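The structure appears right after this line, and notes come after that.
Numbered from 1 within each chain, the chains take letters A, B, ... in sequence-line order. The model shown is predicted, which means the values in this text are computed figures rather than measured ones.
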Amino acid sequence: MKKVLIIGGGGGGLILANHLDTNEFDVTIVDKSDLHFYQPWFLYIAFKGSKRKISRPIGELVRPGVNFVKDEITEINLDERKAYGSRKVVYNYDYIAIATGTSPDPDSIPGLRQIYDEYGDYHSSVYNSQKLWSHVKNFKGGTIAIGQASPTCKCPPSLLEGAFLLEERLRGMGMSVGISDSISPSNGNDPAKTGTKGKSRIVFFTPFPRAYSAEPMNRVVEPMVKERGIEVMPFFDVDTIDVQNKTINSLEGESLKYDLPIIVPPCKGPKIKFTPETVQDEDRFIKADKNHMKIPGYDDAFAIGDCNTLPTSKTGVTAHLEAMAVSELIQGKYSEFNGRINCPFDTAYGKATFVIADYKNPVVPYPPTATKHFMKMSMARIYWMTLMGTADPIFERFFKFTTPEKLNKKYASVE
Amino acid sequence: MDVGVKIIDSRGAACPGPITDLARAYRNSKVGDIFEMWATDKGVKADTQAWATKTGNEILESREEPDKIVIRIKINKR
């Protein structure tokens, strides 16, 4: 039986493992943690104080016949088809899929480590999200600087989702948001009640040219950003943070003062030593071709999900679809990933949208609705079925009926 | 290919888009470097122009080829 070794028990690793025929393949997942987290929920821990349990043991998320080993892989030799774990354990394979996800790197920006340790974030862990929530719920007023420290970041919509949910929270606490709070939001808040508990400013900084990086979606959300009093600093790529003077400085030469910093740290690829080392880029992401996720030069090695260099978003749906394609390829069928993204985007006040595109079609200017918010919330429930493959028929139909080509005909032409 | 020109291949990138790769390359650049960006995203010309204006760098050339848009950028400020 051919051995398939999967490094990482996140979404990509589990979906790949659970789609391989274990009567044909000896499938093993190795992960340094024995828990799997539903990462999109970090947002609701950090900005709504959610106490939902979002982790499950990896061993309970694999289909019968799939092996799970808790171990940390430190070295992979692609030429010898060997991976090395702790205690000198050697894993041999016929096929390998690297699906480690990313690791946060707060040490690459001066001053960020201190901010990260003190305030947490809403991308890296439950603990960090809870830490951030303790600052959000006790916020007494002033300027909140929120954004990503580097253009490479998981989940592009999550940055603005944070700003939107923060604004909803602050107004809910009775604070005003924005320099002049003359514009009342059209969200059902009583304008008479806002602003009685203090004044706040939310400054959203981004390395991109606009509030949302992809222009068609920006057309949809920018009016909401303005209406809610959220200020935007575009082309602001964090260079240094002066913790003493509470100032963030950008590579582009601007600075931003804060009272509460919410900074998502840069993320990097896995800390694994590869032979050959040229398969990793300067930020340790693993090079892979954009349709088959194959590591260049190897027919038996794949990189799926956040850890690879594909020109697409680092998001659950890409890990999912890449894993599905790789499972077919390993089983000798032809398959390719077309770059499809489908990122849920909570715009607060009970509405959400999806960022939908693929390699050939631009992002759809898809308007937020309450139905899409319900779908985002439902995803948090059916997620565990998705990992097992049980929800495949639903996703197949959904992706078929919501191709960016079809949706753009409907939404992008109405201008 | 010219010596010393860094190719930034962003073909297919729709979201977050080509500026991700440009900003990443900028962080590790030095004055005098030349980037050649390849992209398919239609907004790349306007975005790169806005980026260059903001950062004080220079667009040397911008042309459309059948399969991609090519933009050459000279790093004057870092």
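- Other residues, nucleotides and ligands place no more than 12 heavy atoms under 6.0 Å from the CD atom of A:E277.
- We find the CD-CG distance between A:E215 and B:D47 to be 8.0 Å, quoted to the nearest 0.5 Å.
- Both the backbone and the side chain of B:R27 come within less than 4.5 Å of a heavy atom of chain A.
- Atom-to-atom distance recorded for B:C15:SG and A:I356:CD1 is 11.5 Å, nearest 0.5 angstrom.
- Open room surrounds NZ on B:K42; 12 or fewer heavy atoms of other groups in view lie less than 6.0 Å from it.
- Proximity to chain B (any heavy atom under 4.5 Å) is restricted, for A:D281, to the side chain, taken from C-beta onward.
- In this structure the side chain of B:W51 never reaches within 4.5 angstrom of the side chain of A:P209, judged on heavy atoms.
- Within the 4.5 angstrom heavy-atom criterion, only backbone atoms of A:P234 (N, CA, C, O) approach chain B.
- Taking chain B as the reference chain and counting heavy-atom pairs below 4.5 Å, the highest number among A:K314, A:K290, A:R210 is found for A:R210.
- Using a cut-off of 4.0 Å between Lys/Arg side-chain N and Asp/Glu carboxylate O, B:K77 and A:E252 are scored as not salt-bridged.
- For the atom pair CZ (B:R24) and CZ (A:F285), the distance works out to 6.0 Å, reported to the nearest 0.5 Å.
- Few gaps surround NZ on B:K68; more than 12 heavy atoms of other groups in view lie less than 6.0 Å from it.
- For A:D283, the parts sitting under 4.5 Å from any heavy atom of chain B are the backbone and the side chain alike.
- Within 6.0 Å of atom CD in A:E405, 12 or fewer heavy atoms from other residues, nucleotides or ligands are found, so the atom counts as exposed in its surroundings.
- A distance of 5.5 Å separates CD1 of B:I19 from CZ of A:F235, quoted to the nearest 0.5 Å.
- Nearest heavy-atom pair, A:T152 versus B:T20, reported as atom, atom and distance to 0.1 Å: N-CG2, 4.3 Å.
- Using a 4.5 Å cut-off between heavy atoms, B:D9 makes no contact with chain A at all.
- Per-residue heavy-atom pair counts under 4.5 Å with chain A were compared for B:P18, B:A14, B:P16, and the maximum is reached by B:P16.
- For chain B, the nearby part of A:P156 is the side chain; its heavy atoms alone come within less than 4.5 Å.
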